[in-house]
Amino acid sequence: MACPRPLSQCDPTSLPPGLPGGRWPLPLSRRRREMSSSREQRSAVFVILFALITILILYSSNSASEVFHYGSLRGRARRPVNFKKWSMTEGYVPLLGNKTLPSRCRQCVIVTSSSHLLGTKLGPEIERAECTIRMNDAPTTGYSADVGNKTTFRVVAHSSVFRVLRRPQEFVNRTPETVFIFWGPPNRMQKPQGSLVHVIQRAGLAFPNMEAYAVSPSRMRQFDDLFRGETGKDSQRPRLQHMPYHYYEPKGPDECVTYIQNEHSRKGNHHRFITEKRVFSSWAQLYGITFSHPSWT
């Protein structure tokens, strides 16, 4: 029976029997498609957030003397990564039991470790978020007014594993609903001696409610490719190579050491080498100047 007026204005009693209020259930195939699409969206959102966290940690773990020019990403004509194709089940390996990493979040908050959070009183707003993600060994005790206490996921780099596990009252028992995601290069996570995976599994015996996953080697390669695509750099710390400051003094002072010392020196009569190179790089783009050996463009 057709309704000549908008459905909201129709008398529900005049409609054919269906759901309460005259609503008809969605076809099963459509409901399945919508549920599948919703799961894909949640998975994609979580993968994007985790990729963002990983890149943030990778940036911060690079040499302090290296400078990444974020402005160089503006206007870059490059096809974005399709995170929907990154399977959740293939990317994260359960360390305690046989589980699958949950991706139940539609809205997430990433709480960084920046001192800019102090005095913001954002704790209540962070607590209201559906899911809250924290990094490494950033505590909440004593800071909850600004950073909240709720922790849905805690992403822990290999270099912070011991700092987290040594404070179980802060990181494991304080928020028992927390899911831990540990990540690092395979040679760090599964070393022949002192494997971090074994350390985490032993901690799981002491804390049976602890839920922990490790990022798979294949997913780590994906993150590394993502990092390289965005920055042009490998996420691994580059090997140090001695380069003399002067070509005519092969045993003279190292170029990199000289640059860093002079950049941060408070004494006069010296070059701010790193700052100078930034200026040169800017001029090269503005005026078509070409620098080589090495290139500063």
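We use all heavy atoms of the structure for the numbers below, so side chains are in, but hydrogens, waters and symmetry mates are not. Given the structure is predicted, the values throughout are model-derived calculations rather than measurements.
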Check [X] against [Y] and note the closest heavy-atom contact, atom names and distance.
X: K121; Y: D146; answer: N-OD1, 2.9 Å
X: I126; Y: V147; answer: CD1-O, 3.5 Å
X: V111; Y: R134; answer: CG1-NH1, 3.5 Å
X: M135; Y: R154; answer: O-NH1, 3.8 Å
X: P186; Y: P217; answer: CG-CB, 4.1 Å
X: F182; Y: A212; answer: CE1-CB, 3.8 Å

Side-chain contact test, heavy atoms from C-beta onward, threshold under 4.5 Å: evaluate it for [X] versus [Y] and give yes or no.
X: I200; Y: F180; answer: no
X: I181; Y: L101; answer: yes
X: L196; Y: F162; answer: yes

Which distance, rounded to the nearest 0.5 Å, do you find between the [atom1] of [X] and the [atom2] of [Y]?
X: D225; Y: M220; atom1: CG; atom2: CE; result: 11.0 Å
X: E177; Y: K150; atom1: CD; atom2: NZ; result: 8.0 Å
X: R219; Y: D224; atom1: CZ; atom2: CG; result: 13.5 Å

Do [X] side-chain atoms and [Y] backbone N/O form a donor-acceptor pair below 3.5 Å?
X: E127; Y: N149; result: yes
X: E130; Y: Q107; result: yes
X: S195; Y: M189; result: yes
X: Y213; Y: W183; result: no
X: N262; Y: R272; result: no
X: E211; Y: L96; result: no
X: S144; Y: G142; result: no
X: N136; Y: A157; result: yes

Exercise for the section: Walk me through it: do V164 and E170 pass the test side-chain contact (heavy atoms from CB on, under 4.5 Å)? Expected result: CA-CA 8 Å; V164 168; E170 173 65 37; over 6 Å; no
Completion exercise
Only residue of R163, R167, R166 satisfying salt bridge (charged side-chain N to carboxylate O under 4.0 Å, His left out) with D137 is R163
Problem - Common cluster, V197/L165, ILVMFWY with side-chain heavy-atom separation under 4.5 Å - result: yes
Problem - Shared hydrophobic cluster, V199 / V93 (ILVMFWY, side-chain heavy atoms < 4.5 Å) - result: no
Check whether more than 12 heavy atoms from other residues, nucleotides or ligands sit under 6.0 Å from atom [atom1] of [X], and answer yes or no.
X: Q201; atom1: CD; value: yes
X: Y143; atom1: OH; value: no
X: H116; atom1: NE2; value: no

Practice task
Step by step, work out the side-chain contact (heavy atoms from CB on, under 4.5 Å) result for T178 and F171.
Solution key: CA-CA 8 Å; T178 300; F171 299 114; over 6 Å; no
Handout entry: Check SG atoms, C105 and C131, less than 2.5 Å apart
Key = yes
Practice task
Give the ring-plane orientation class for F273 versus Y259, where under 30° counts as parallel, over 60° as perpendicular and anything between as tilted.
Solution key: parallel
